[in-house]
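In this text the structure is predicted, and so the values were computed from the model without any measurement.
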Protein chains: 2
Amino acid sequence: MKKIDIFKKLRSSGLRPTKQRVEIAKFLFERDKTFHFTIESLDKLLAKKTTSRFALATIYNTVHAFKNAGHLSEVDVRGKKTYFDTNITNHHHFYDNETLELIDIDASEVVIQKIPKAPNGKKIKNVEVFINLKN
Amino acid sequence: MKKIDIFKKLRSSGLRPTKQRVEIAKFLFERDKTFHFTIESLDKLLAKKTTSRFALATIYNTVHAFKNAGHLSEVDVRGKKTYFDTNITNHHHFYDNETLELIDIDASEVVIQKIPKAPNGKKIKNVEVFINLKN
DNA sequence: ATTCTAGTTTATAATTATTCTAAAGAGAAA
DNA sequence: TTTCTCTTTAGAATAATTATAAACTAGAAT
């Protein structure tokens, strides 16, 4: 991913490309594989990877702006921390309850044959399949 | 559900049947339909329904003891609060993002045709289907 | 280039959900 | 009853997240 794309992601999220934001965006999006993180893990990774210092609030704000703009998705995981995913395509997850790790499942790997119709005046927004793993 | 069953539920959860615990158990299990709640909503409902006073810690402890004993299940919902479900059979959920309400889906209503196999030495513990609703 | 202004970063405080603690209270056994 | 252990309770502690306010920049206007 080129720097120009990073700027696009920032602008489309309503964010001015500041030093911190560019570093966060590059860290999140300039990679081959998608990945999962929590605010805490991202904070630690950024601290290792870069020389800049980041206030937690900045990370929260930036990540949420990306999420609201659709550049990141949020994953439901039992537990206190919120997980984010740079994979924003329609897909599903394994969750390893031992290592607390998320593993992507491509949408094509799951085929649902039957699903109930939405109640009263509601519509189905999306279907998430979450597969818990044990040893 | 008779009182004797309430006592069984408490005993099997490693809890002595004290006044507070009996009231919580009766409120949760002496009903026809299963239902969903958070600690906060349960606290309010108990305050309305009964004359006893309950410390939040007591509700947390009792609910978690029931959960650990398998008399309640925990449901993943995006958001801060933890939802519990008195329906402990294998089933799925609609989640109404407007009203923040959970709606049960019977396991028979969902048929999954294809699912990936678990990675390396892992096994599949369970599969949760979560259907987000919009208006 | 310099200045100006609105948007940002940061440290810290506030908030919210949850868990812990220590003292007072209540079952159960002798 | 009397003791002993388990409970309840109020409030403190913890942890994730959000809000605040002052110091600081990016980008526009000059």
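Taking side-chain N and O atoms only, A:R53 has no distance below 4.0 Å to OP1 or OP2 of C:dT9. Considering only side-chain N and O atoms, B:K81 lies under 4.0 angstrom from the phosphate OP1 or OP2 of C:dA17. Phosphate contact (OP1/OP2 of D:dC6, side-chain N/O of B:T18, threshold under 4.0 Å): absent. Remark: A:R11 is in phosphate contact with D:dG27, judged by side-chain N or O atoms under 4.0 Å from OP1 or OP2. Using a 4.0 Å cut-off, some side-chain N or O of A:Y60 falls inside it from OP1 or OP2 of D:dT17. Residue B:H64 places none of its side-chain N or O atoms closer than 4.0 Å to OP1 or OP2 of C:dT18. For A:Q20 and C:dT10, the shortest distance from a side-chain N or O to OP1 or OP2 is below 4.0 Å.
Under the side chain to side chain donor-acceptor pair (under 3.5 Å) rule, B:D104 has a single partner from B:H93, B:H92, B:K33, which is B:H93.
For the residue pair A:S52/A:E23, the side-chain donor-acceptor check at 3.5 Å is satisfied. For B:S12 and B:H71, the side-chain atoms include at least one donor-acceptor pair closer than 3.5 Å.
Within 4.0 Å of A:T82, counting heavy atoms only, lie sugar-phosphate atoms of the nucleic acid but no base atom. Using a 4.0 Å heavy-atom cutoff across all strands shown, B:T58 reaches at least one base atom of the nucleic acid.
Between B:F130 and B:Y95, the ring center distance clears the sub-6.0 Å criterion.
Judged by closest nucleotide on DNA chain D, A:E40 is the one of A:E40 and A:A57 placed further toward the 5' end. Nearest-nucleotide mapping onto DNA chain C: of B:R16 and A:G14, the residue sitting toward the 5' end is A:G14.
For the pair B:R21 CZ and D:dT7 P, the computed distance is 4 Å after rounding to whole Å. Straight-line distance from the CG atom of B:D43 to the P atom of D:dT9: 11 Å, rounded to whole Å. As rounded to whole Å, 9 Å separates atom P of C:dT19 from atom NZ of B:K67. In this structure, A:N61 atom CG and D:dA19 atom P are separated by 9 Å, rounded to whole Å. For B:L42 and C:dA17, the CG to C1' distance is 15 Å, given to the nearest whole Å. Atom-to-atom, CG of A:L10 to P of D:dG27 comes out at 10 Å; the value is rounded to the nearest Å. Between the NZ atom of B:K19 and the C1' atom of D:dT9 there is a distance of 12 Å, given to the nearest Å. Taking atom NZ on A:K80 and atom P on D:dT14, their separation rounds to 12 Å, with Å as the unit.
Taking a cutoff of 4.0 Å between a charged side-chain nitrogen and a carboxylate oxygen, A:R78 and B:E128 qualify as a salt bridge.
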